[in-house]
Protein chains: 2
Amino acid sequence: MTMKTKKISFYERRAAIAKALGHPSRLMIVDALQEREICVCELTELVGADQSTVSRHLSVLKNAGLVDTRKEGPMIFYRLRVKCLEGFFMCIENVLKENLEREEALVGG
Amino acid sequence: MTMKTKKISFYERRAAIAKALGHPSRLMIVDALQEREICVCELTELVGADQSTVSRHLSVLKNAGLVDTRKEGPMIFYRLRVKCLEGFFMCIENVLKENLEREEALVGG
DNA sequence: TGTCTTCATGGTCATATTGCAATATGACCT
DNA sequence: AGGTCATATTGCAATATGACCATGAAGACA
């Protein structure tokens, strides 16, 4: 395997995770799951989309390895598989803060 | 504005940033820019795609507020606008590590 | 002026994503 | 078995994305 090929698969794996987090509904879900595990029915209410749509978003998160499931009777509870999302969210907040400052600078100066 | 609308735009802004990082070429670019500012011609070589394709990726990163540009003669240098990407990458690595452990557990037992 | 380099943009095609409706699956209860 | 609730999956339409080619704009330089 060439170095370039290796590099590509390296970034592909990482980009897949970022991509899974790149949708507002999925971000909302992940954020809610930081508190506690939540069933699909409750997540569907939270997101406010069709149940089938939410189910698809959940499967995207699951395929990325971000969440895991637990069965309890007819219900399925989703929970975060990783606790490290703070770093991710902090990074995003930092970018948004910088963007805001830039906008203010453009208006003010 | 209702609470739900507010929440949506909250997550939309954050998801847009994650989405901008959700492509292997863009991740490769951002990673390279952690070292130093780089011109489009060099980034084009690095990524190994058409110059127009790389230019589009760069505009995605710029629109997300992740990078900024500096003109020098006919060249345009791109540089990171934020230094916080460590937290982002650490989070990704953490997820990948967890995923690897899960795969090993599935094989092993 | 003409040409070369560097980068961005419009056009076009192939593919992926997203959303909803409809249907299937699976568990539980009677 | 039949009924009901909670999820997953499939089909389809609309839209977004990503790649290339061709072209355009701007600076450097003879």
Side-chain angles (χ1 to χ4, degrees), chain A residues 4-5 7-9 11-30 32-33 36-64 66-79, chain B residues 4-5 7-9 11-30 32-33 36-64 66-79:
Chain A
K4 178 161 274 183
T5 308
K7 273 286 180 186
I8 287 173
S9 101
Y11 289 113
E12 269 172 2
R13 272 200 291 271
R14 280 146 188 82
I17 294 172
K19 194 174 179 179
L21 291 166
H23 189 286
S25 299
R26 292 196 289 267
L27 219 46
M28 193 186 302
I29 290 169
V30 163
L33 292 179
R36 57 185 172 87
E37 60 174 20
I38 309 179
C39 67
V40 178
C41 56
E42 194 177 334
L43 289 171
T44 299
E45 263 191 77
L46 174 72
V47 171
D50 194 90
Q51 179 267 322
S52 64
T53 300
V54 173
S55 182
R56 260 231 269 261
H57 283 309
L58 288 169
S59 83
V60 170
L61 290 173
K62 194 171 181 182
N63 284 332
L66 287 161
V67 301
D68 212 343
T69 54
R70 183 178 65 86
K71 246 178 154 171
E72 187 173 316
M75 289 189 287
I76 296 188
F77 283 88
Y78 279 74
R79 60 183 162 78
Chain B
K4 178 164 275 185
T5 308
K7 272 287 179 186
I8 286 174
S9 101
Y11 289 112
E12 269 173 2
R13 272 200 290 270
R14 279 143 187 84
I17 294 172
K19 197 175 180 181
L21 291 166
H23 189 286
S25 299
R26 292 197 289 267
L27 220 46
M28 193 186 304
I29 290 169
V30 163
L33 292 180
R36 56 186 173 87
E37 61 173 18
I38 309 179
C39 67
V40 179
C41 55
E42 194 178 333
L43 289 170
T44 299
E45 262 192 77
L46 173 73
V47 171
D50 193 90
Q51 179 267 321
S52 64
T53 301
V54 173
S55 182
R56 282 246 155 72
H57 282 309
L58 288 168
S59 83
V60 171
L61 291 173
K62 194 171 181 181
N63 284 333
L66 287 161
V67 301
D68 213 341
T69 55
R70 182 177 67 84
K71 239 177 158 174
E72 187 175 317
M75 290 188 287
I76 296 188
F77 283 87
Y78 279 75
R79 62 185 162 75

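Owing to the predicted nature of the structure, the values given are computational and were not obtained by experimental measurement. Chain identifiers are assigned alphabetically (A, B, ...) following the order of the sequence lines, protein sequences preceding nucleic acid strands; residue numbering begins at 1 within each chain.
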Are there any protein N/O atoms within less than 3.5 Å of an N/O atom in nucleotides 21-27 of chain C, and if so, which ones and at what distance?
residue, atom, partner, partner atom, Å
C/dA21, N6, A/Ser52, OG, 3.0

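Residues passing the salt bridge (Lys or Arg N to Asp or Glu O under 4.0 Å) test with B/Arg56: none are found, sequence neighbours excluded. Residues passing the side-chain hydrogen bond (donor to acceptor under 3.5 Å, both in side chains) test with A/Arg79, sequence neighbours excluded: none.
Note: A/Tyr11 OH to B/Ile29 CD1 = 10.5 Å, rounded to the nearest 0.5 Å. Within the model, atoms OH of B/Tyr78 and CG of B/Asp68 stand 9.5 Å from one another, a figure rounded to the nearest 0.5 Å.
Using a 4.5 Å heavy-atom threshold, the side chains of B/Lys19 and A/His23 count as separate.
One atom, CZ of A/Arg56, and another, C1' of D/dT7, lie 14 Å apart when rounded to the nearest Å. Atom CD in A/Glu42 sits roughly 19 Å away from atom P in D/dC5 (whole-Å rounding). Between the C1' atom of C/dT18 and the NE2 atom of A/His23 lies a distance of 6 Å, rounded to the nearest Å. Atom P of nucleotide C/dA16 and atom CG of A/Asn63 are separated by 15 Å, given to the nearest angstrom. Between A/Glu72 atom CD and D/dA6 atom P the separation is 13 Å, expressed in whole Å. Remark: C1' of D/dA6 and CG of A/Leu46 are 17 Å apart, rounded to the nearest angstrom.
The residue among B/Phe77 and A/Gly22 whose nearest nucleotide of DNA chain C lies closer to the 5′ end is B/Phe77. If A/Met75 and A/Lys19 are placed on DNA chain D by their nearest nucleotide, the residue sitting closer to the 5' end is A/Met75.
Using a 4.0 Å cut-off, some side-chain N or O of B/Tyr78 falls inside it from OP1 or OP2 of C/dA8. For A/His57, a side-chain nitrogen or oxygen approaches OP1 or OP2 of C/dG19 to under 4.0 Å.
Residues B/Glu72 and B/Arg70 are paired through a salt bridge, judged by an N-O separation under 4.0 Å between the basic side chain and the carboxylate.
B/Lys71 and B/Ile76 get closest at one heavy-atom pair: CG-CG1, 4.0 Å.
At a threshold of 4.0 angstrom between heavy atoms, the contacts of B/Lys62 with the nucleic acid are absent.
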